[in-house]
Trainee: 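Pasting a structure below so you can have a look.
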Amino acid sequence: MSLSEAQIVLLAERVDAAALNRAPIAKLTNEFPEMDWQDAYAIQDALKARIEARGQDCSALFKAGLTSRAKMVQMGVNEPVFGFLQPRGQIANGGEVAASTYIHPRVEAEIAVRLKRPLRGPGCHVGEVLAAIGEVMVALEVIDSRYENFNFDLKSVIADNTSAAGWVLGEPVPYAPGMDLAHCGIVLRLNGKIVSTVAGSAVLGHPALPVAMLANLIARDGREIPAGALILTGGASAAVAVKAGDKVDLAIQGLGSLSVSFT
Ligand code: OOG
Ligand code: MG
């Protein structure tokens with residue numbers, strides 16, 4: 001760690017305030033170029049503590065991000081990142097949300113899984129993840145960087161909880177061995193028009209891989225992904241900007257579909 005405890009707390013407050021006030025800020029590494037990976041995740045943890053103190057239990061809500069080549073290219077980075085979701089970010093399938101809830105929202109087509117068994121690293125691998133998945137869902141993430149113009153580097157985006165903002169889930173489908181999460185087609189529509197078609201394998205070859213990576217990451221702090229946890233595995237294609245008046249539909253072969261409208 002290169003930042004002090006006081007600086008970690010200050011930066012978590014800054015990111016939190018930007019989200020609450022919908023007032024974007026400059027990426028944190030502009031002012032603190034010495035920030036390291038541990039600092040970045042420490043700021044995210046301090047942010048989570050602030051959000052949980054407001055009654056939002058985030059302990060079983062996880063997300064992976066920057067897990068597809070399309071997302072990495074779009075954001076100019078080359079490694080996945082991990083964060084958490086907050087319960088109040090959930091939007092009902094078929095529901096509406098005001099675009100003004102966010103600074104500059106974008107939507108992402110994702111596969112979500114719910115675990116029936118805990119996962120503990122180090123050494124967690126895809127085989128273990130597949131054995132632990134209880135349900136699979138179509139998921140749409142609404143991301144909303146707290147940084148001006150979505151301009152960030154990996155450490156800044158980790159500190160900003162990986163741009164997490166909103167999320168929508170389709171109906172849960174029981175996971176059955178042999179269900180193919182790599183070769184399933186994913187179709188994202190904006191106002192009825194197809195904006196991306198991709199397969200589940202776009203997510204690191206298989207969407208179970210970011211789940212294993214998450215288990216191995218948090219194992220460094222002696223933590224596990226608990227049974228019952230929900231994990232969004234990351235956008236399979238580039239994120240799409242949305243505004244008031246837009247309707248988004250997402251369908252994934254074998255999993256069903258969802259929709260959400262921005263007002
Ligand atoms: C970072 C968050 C990315 C995903 O699914 O790739 C993410 C960002 O692009 O703002 O959630
Ligand atoms: Mg995402």
Side-chain angles (χ1 to χ4, degrees), residues 15 18-19 22 24-29 37 40-41 43-44 47-48 58 61-86 89-91 97 101-114 136-170 181 186 188 190 195-196 198-211 213-214 217 229-242 248 250 252 255 258 260:
V15 170
R22 293 169 200 83
I25 55 176
K27 66 178 194 294
L28 302 185
T29 49
W37 300 106
Y41 276 107
I43 296 167
Q44 186 190 113
L47 175 67
K48 188 183 193 177
C58 309
L61 297 170
F62 298 89
K63 62 164 283 190
L66 306 170
T67 51
S68 64
R69 182 165 166 72
K71 277 291 311 187
M72 291 190 203
V73 168
Q74 182 179 35
M75 304 319 296
V77 296
N78 54 14
E79 268 182 62
V81 292
F82 298 89
F84 63 89
L85 302 170
Q86 45 176 322
Q90 188 170 12
I91 308 155
V97 65
T101 309
Y102 312 105
I103 302 167
H104 39 201
R106 296 180 178 179
V107 294
E108 301 181 315
E110 307 207 10
I111 291 173
V113 300
R114 196 178 295 281
V136 190
M137 286 143 280
V138 181
L140 188 87
E141 187 178 18
V142 183
I143 55 166
D144 191 35
S145 178
R146 267 57 68 171
Y147 300 124
E148 288 149 354
N149 305 314
F150 261 91
N151 181 7
F152 55 66
D153 49 32
L154 280 172
K155 289 168 191 156
S156 294
V157 75
I158 289 165
D160 181 30
N161 189 24
T162 70
S163 308
W167 46 289
V168 189
L169 297 180
L181 299 180
I186 301 176
L188 181 66
L190 178 65
V195 286
S196 80
V198 68
S201 59
V203 178
L204 295 177
H206 194 295
L209 183 54
V211 180
M213 291 174 73
L214 171 67
L217 177 78
L230 175 78
I231 305 117
L232 265 60
T233 60
S237 51
V240 177
V242 289
V248 179
L250 172 62
I252 304 184
L255 300 186
L258 62 73
V260 66

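Both counts, for ligands and for their atoms, begin at 1 and track the order of listing.
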Trainee: Have a look at ligand 1 and work out which part of Glu110, if any, has a heavy atom under 4.0 Å from it: side chain, backbone, both or neither.
Mentor: side chain
Trainee: Just jot down the ligand 1 atoms closer than 4.0 angstrom to any heavy atom of Met75, in number order.
Mentor: 9 (O)
Trainee: Nearest N/O/S atom of Glu141 with respect to the Mg ion (ligand 2), by atom name, please.
Mentor: OE1
Trainee: For atom 6 (O) of ligand 1, which protein heavy atom lies nearest, and how many Å away is it?
Mentor: Leu66 N, 2.7 Å
Trainee: Would you mind running through ligand 1 and noting each atom that sits below 4.0 Å from a heavy atom of Glu108?
Mentor: 3 (C), 4 (C), 5 (O), 6 (O), 7 (C), 11 (O)
Trainee: For atom 2 (C) of ligand 1, find the nearest protein heavy atom and state the residue, atom name and distance (0.1 Å precision).
Mentor: Thr162 O, 3.1 Å
Trainee: Check ligand 1 against Phe152 and write out every atom of the ligand that is under 4.0 Å from a heavy-atom position of the residue.
Mentor: 1 (C), 8 (C), 9 (O), 10 (O)
Trainee: Any idea which N/O/S atom from Glu110 gets closest to the Mg ion (ligand 2)?
Mentor: OE2
Trainee: Salt-bridged, Lys71 to Glu108, with N to O below 4.0 Å?
Mentor: yes
Trainee: Check each heavy atom of Lys63 against ligand 1 and say whether those closer than 4.0 Å belong to the side chain, the backbone, both or neither.
Mentor: side chain
Trainee: Please could you name the atoms of ligand 1 that Ile143 approaches to less than 4.0 Å, counting only its heavy atoms?
Mentor: 8 (C), 9 (O), 10 (O), 11 (O)
Trainee: Just to confirm my output: which protein heavy-atom neighbour is closest to atom 9 (O) of ligand 1, and how far is it?
Mentor: Lys71 NZ, 2.7 Å
Trainee: Show me which atoms of ligand 1 lie under 4.0 Å from any heavy atom of Gly234.
Mentor: 5 (O)
Trainee: What protein heavy atom sits nearest atom 10 (O) of ligand 1, and how far off is it?
Mentor: Ser163 OG, 2.7 Å
Trainee: Going by the order shown, which atoms of ligand 1 are within less than 4.0 Å of some heavy atom of Phe150?
Mentor: 10 (O)
